[in-house]
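Down below is the structure, laid out as structure tokens.
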Amino acid sequence: MKRISIVCILLLSGILSFAQTRVFNVMDFGAKGDGVMDDAIAIQKTIDACSAAGGGQVFFPSGHTFLSGPIELKSNIDLHLDVNAILKAHPNEAIYHLSAFKENRGEGMMWIYAKDVDNLSITGRGTIHGNGIAFMGAELDDSYELKPLADPTFDPRPHVLTLIDVRRLIIRDVTIREGAYWTVHLVGCNDAVIDGISLLNNLKIRNGDGIDIDHSKNVRIANCYITSGDDCICLKNRREYEEYGPCLDIVVTNCVMTSRSCAVKIGSENMDSIARVLIDNCIITASNRGIGIQNRDEGTVTDVVFSNIQLDSHLFSDVWWGKAEPIYVTSYPRANGNHKDANWRFPKGQIEGKCGEVSNITFNNITATSENGCFVGGDTRNKVNHIYFNNVRLTLKKMTGYRGGIYDKRPCKGEGFIKDNVYGVYVDEASAVYFHNLDVVWGKPSISNAGEKTNLDKNEE
């Protein structure tokens with residue numbers, strides 16, 4: 001009898017908890033969900049009403065496509081997309097005018113955004129669609145051209161999610177597709193969980209980062225499937241948001257990734273400190289560069305562990321940074337800028353920068369098949385130090401028709417490439433690099449003739 005009473009109390013508690021969740025259906029506030037009308041005004045009304053009522057769920061019902069311009073998220077909101085519900089970016093470039101990087105308007109605008117909010121979640125089995133191809137130019141072999149800009153200081157391409165100074169953030173289960181620029185950008189966030197999402201960017205879209213963790217702390221990314229033309233997961237400290245301090249205490253686990261740039265990257269923009277990072281139990285397939293640290297500014301990178309990773313990497317055209325290096329650890333100062341660049345890439349008023357130290361980086365139990373070996377280097381002997389390779393197995397194997405024997409230092413001063421033989425590990429300038437159980441084998445080429453296929457360079461961040 002007592003056991004039955006306890007069960008009844010628990011069931012009643014669950015029912016009451018469910019009943020107390022306020023649901024605000026966007027269609028009750030005027031959204032059409034026909035994929036034609038811009039539903040941004042109706043969606044914003046729903047969000048505002050939900051927040052004003054103390055919070056609840058902003059609900060997108062199944063079977064509808066909600067075309068929308070920019071929308072702002074608020075505190076205590078659960079943006080919930082039901083199965084087969086689609087929230088899609090409006091293709092009209094003229095409606096995007098809120099910069100993703102403050103006064104810097106040359107690197108994309110905001111579509112779905114939040115600033116200075118608490119208790120925000122984005123959930124459900126529906127889809128957030130960035131409509132990326134609508135903002136691209138002509139399709140090339142392994143990328144899309146970028147449309148020429150009438151004003152080079154203004155790029156209208158919308159970032160999908162720009163979440164600034166959010167405390168207690170959850171992104172769970174949703175599918176996010178085809179960002180035209182960065183896809184999930186966390187700036188100055190604290191206590192964030194990204195779990196079980198499918199982030200499926202078009203592999204040909206440049207600058208199409210998957211998840212960017214920027215000046216954020218206590219972030220956990222788990223159980224995600226990510227395909228991105230640019231980096232799948234990237235940790236950085238952008239200069240525009242320096243007030244939010246270092247990027248610390250980041251965990252990435254149980255993810256599967258494919259990238260045309262670097263699947264898991266730290267840098268290249270880093271004007272502060274990135275530390276206490278764990279990347280574990282991941283699979284990387286068909287990527288350009290596998291896992292890497294690309295320090296190019298005065299910030300430091302310390303105490304990072306990559307472990308239990310299987311990856312394969314091969315060559316792509318020069319529009320993508322990287323030359324199939326499975327593991328990459330570098331610190332080189334970026335090339336001098338001009339007065340236009342000085343506001344964003346360098347400390348204010350300067351056009352020349354320096355690079356900070358990279359130290360205490362550990363690679364444990366890494367298995368890689370690649371067209372190139374690992375690369376470790378810095379501009380001075382001690383800039384990159386205490387790098388540990390433990391139980392790393394490399395299979396070097398020719399898989400494409402692109403020219404091999406090249407290591408990529410971009411973006412950097414001087415020559416961006418080192419041309420040499422393919423080695424298991426190429427150390428440029430570094431100190432205290434340790435190897436324990438490093439195994440390098442040569443596999444049989446997958447192609448009969450390795451040609452010298454090249455493309456024009458296109459820098460990216």
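- Here the closest non-hydrogen pair linking D297 and R345 is OD1-O, 3.6 Å.
- A324 and S313 get closest at one heavy-atom pair: O-OG, 3.2 Å.
- Within the 4.5 Å cutoff, the side chain of I211 has no heavy atoms near those of the C232 side chain.
- Paired with R220 under the rule salt bridge (Lys or Arg N to Asp or Glu O under 4.0 Å), one option of D195, D191, D280 passes, and it is D191.
- Between K102 and E240, the shortest heavy-atom distance links the atoms NZ-O, 2.9 Å.
- Cation-pi geometry between K409 and Y332 is met: the NZ or CZ atom falls under 6.0 Å from the ring centre, inside 45° of the normal.
- A donor-acceptor pair shorter than 3.5 Å cannot be found between the side chains of T227 and N201.
- Between the side chain of K217 and the backbone N or O of P246, at least one donor-acceptor pair lies under 3.5 Å.
- No side-chain donor-acceptor contact under 3.5 Å links S261 to the backbone of D230.
- Residues S228 and S259 have side chains that never bring a donor and an acceptor to within less than 3.5 angstrom of each other.
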- Before giving the answer on salt bridge (Lys or Arg N to Asp or Glu O under 4.0 Å), spell out for R296 and E269 the whole-Å C-alpha distance, their side-chain angles and the decisive distance to 0.1 Å. CA-CA 6 Å; R296 297 296 180 268; E269 299 146 317; over 6 Å; no

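- The backbone N or O of A42 lies less than 3.5 Å from a partner atom in the side chain of T46, making a donor-acceptor pair.
- Although no hydrogens or angles enter the test, the distance criterion places no donor-acceptor pair under 3.5 Å between the side chain of E107 and the main chain of A100.
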- Query: Would D214 and K236 satisfy salt bridge (Lys or Arg N to Asp or Glu O under 4.0 Å), going step by step from the backbone distance to the final call?
  - Reply: CA-CA 5 Å; D214 190 355; K236 57 180 63 196; over 6 Å; no

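- With respect to the salt-bridge test (charged N to carboxylate O, under 4.0 angstrom), the residues K265 and D231 qualify.
- D116 and R167 are joined by a salt bridge, as a carboxylate oxygen and a charged side-chain nitrogen come within less than 4.0 angstrom of each other.
- Ionic pairing of K74 and D48 is present here: one or more N-O contacts between side-chain nitrogen and carboxylate oxygen are shorter than 4.0 angstrom.
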- Test salt bridge (Lys or Arg N to Asp or Glu O under 4.0 Å) on E298 and K354 and set out the steps. CA-CA 5 Å; E298 68 270 25; K354 59 182 181 179; over 6 Å; no

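- Y96 has its side chain within reach of F135: a pair of non-hydrogen atoms, C-beta onward, lies under 4.5 Å apart.
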- Given side-chain hydrogen bond (donor to acceptor under 3.5 Å, both in side chains), test N364 with T362 step by step and report yes or no. CA-CA 6 Å; N364 290 327; T362 302; 5.6 Å; no

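- Donor-acceptor pairing under 3.5 Å is recorded for the side chains of N237 and H215.
- Between the side chains of E357 and N385, at least one donor N or O lies within less than 3.5 Å of an accepting N or O.
- Looking at D78 and S121, their side chains do bring a donor and an acceptor atom within 3.5 Å of each other.
- Both tests hold for R289 against Y328: distance to the six-membered ring centre under 6.0 Å, angle to the ring axis within 45°.
- A donor-acceptor pair under 3.5 Å is formed between the side chain of S331 and the backbone N or O of G356.
- The pair D249-R276 meets the salt-bridge criterion, since a charged nitrogen lies less than 4.0 angstrom from a carboxylate oxygen.
- Classified by interplanar angle (parallel below 30°, tilted 30° to 60°, perpendicular above 60°), the ring pair Y181/H159 is parallel.
- The closest donor-acceptor contact from the side chain of D312 to the backbone of T285 lies at 3.5 Å or more, if one exists at all.
- Judged purely by atom type and a 3.5 angstrom limit, D39 uses its side chain to pair as donor or acceptor with the backbone of K32.
- Side-chain atoms of H80 and T123 include a donor-acceptor pair closer than 3.5 Å.
- For an aromatic pair to be called close, the ring centres must be under 6.0 Å apart, and F316 with W321 fails this.
- Using cut-offs of 30° and 60° for the angle between ring planes, the Y241 and H185 rings count as perpendicular.
- In the displayed structure, Y388 atom OH is contacted under 6.0 Å by more than 12 heavy atoms of other residues, nucleotides or ligands.
- Other residues, nucleotides and ligands contribute over 12 non-hydrogen atoms within 6.0 Å of the NZ atom of K413.
- Taking both residues in full, the closest heavy atoms of F60 and L87 are given as CE2-CD1, 4.1 Å, listed atom of the first, atom of the second, then distance.
- A side chain to side chain contact (heavy atoms under 4.5 Å, CB included) with I361 holds for exactly one of I327, V384, V301; it is V301.
- Side chain of T153 to backbone of G106: no donor-acceptor contact under 3.5 angstrom is found.
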- Message: For a salt bridge (Lys or Arg N to Asp or Glu O under 4.0 Å) check, start with the C-alpha distance between E145 and R206, then their side-chain angles and the critical distance, and finish with the verdict.
- Response: CA-CA 8 Å; E145 285 184 344; R206 307 182 201 182; over 6 Å; no

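- Rounding to the nearest 0.5 Å places CD1 of I266 at 9.5 Å from OG1 of T302.
- In this structure a side-chain-to-backbone donor-acceptor pair under 3.5 Å is present from T330 to I293.
- Across D408, N372, D318, a single residue satisfies side-chain hydrogen bond (donor to acceptor under 3.5 Å, both in side chains) together with K323, and that is D318.
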- Check step by step if side-chain hydrogen bond (donor to acceptor under 3.5 Å, both in side chains) holds for N254 and N281. CA-CA 5 Å; N254 298 345; N281 228 45; 2.8 Å; yes

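- Side-chain contact between M109 and F154 is present, with at least one heavy-atom pair separated by less than 4.5 Å.
- Here the side chains of L73 and Y113 are not in contact, with every heavy-atom distance at 4.5 Å or above.
- Shown here is I41, whose CD1 atom has no more than 12 heavy atoms of other residues, nucleotides or ligands within 6.0 Å.
- The heavy-atom pair separating S68 from W111 by the smallest distance is O-NE1, 3.1 Å.
- Checked options I226, I213, D212, L199; the residue passing with V184 is L199 (criterion: side chain to side chain contact (heavy atoms under 4.5 Å, CB included)).
- Across every non-hydrogen atom of L203 and R260, the tightest pair is O-CG, 3.1 Å.
- Taken from CG in D303 to CD1 in I274, the straight-line distance is 12.5 Å, to the nearest 0.5 Å.
- A donor-acceptor pair under 3.5 Å is absent between the side-chain atoms of S370 and the main chain of E325, judged by distance alone.
- A side-chain N or O of N207 and one of R157 form a donor-acceptor pair less than 3.5 Å apart.
- Residues D34 and H64 form no side-chain contact, since every pair of their non-hydrogen atoms from C-beta on lies 4.5 Å or further apart.
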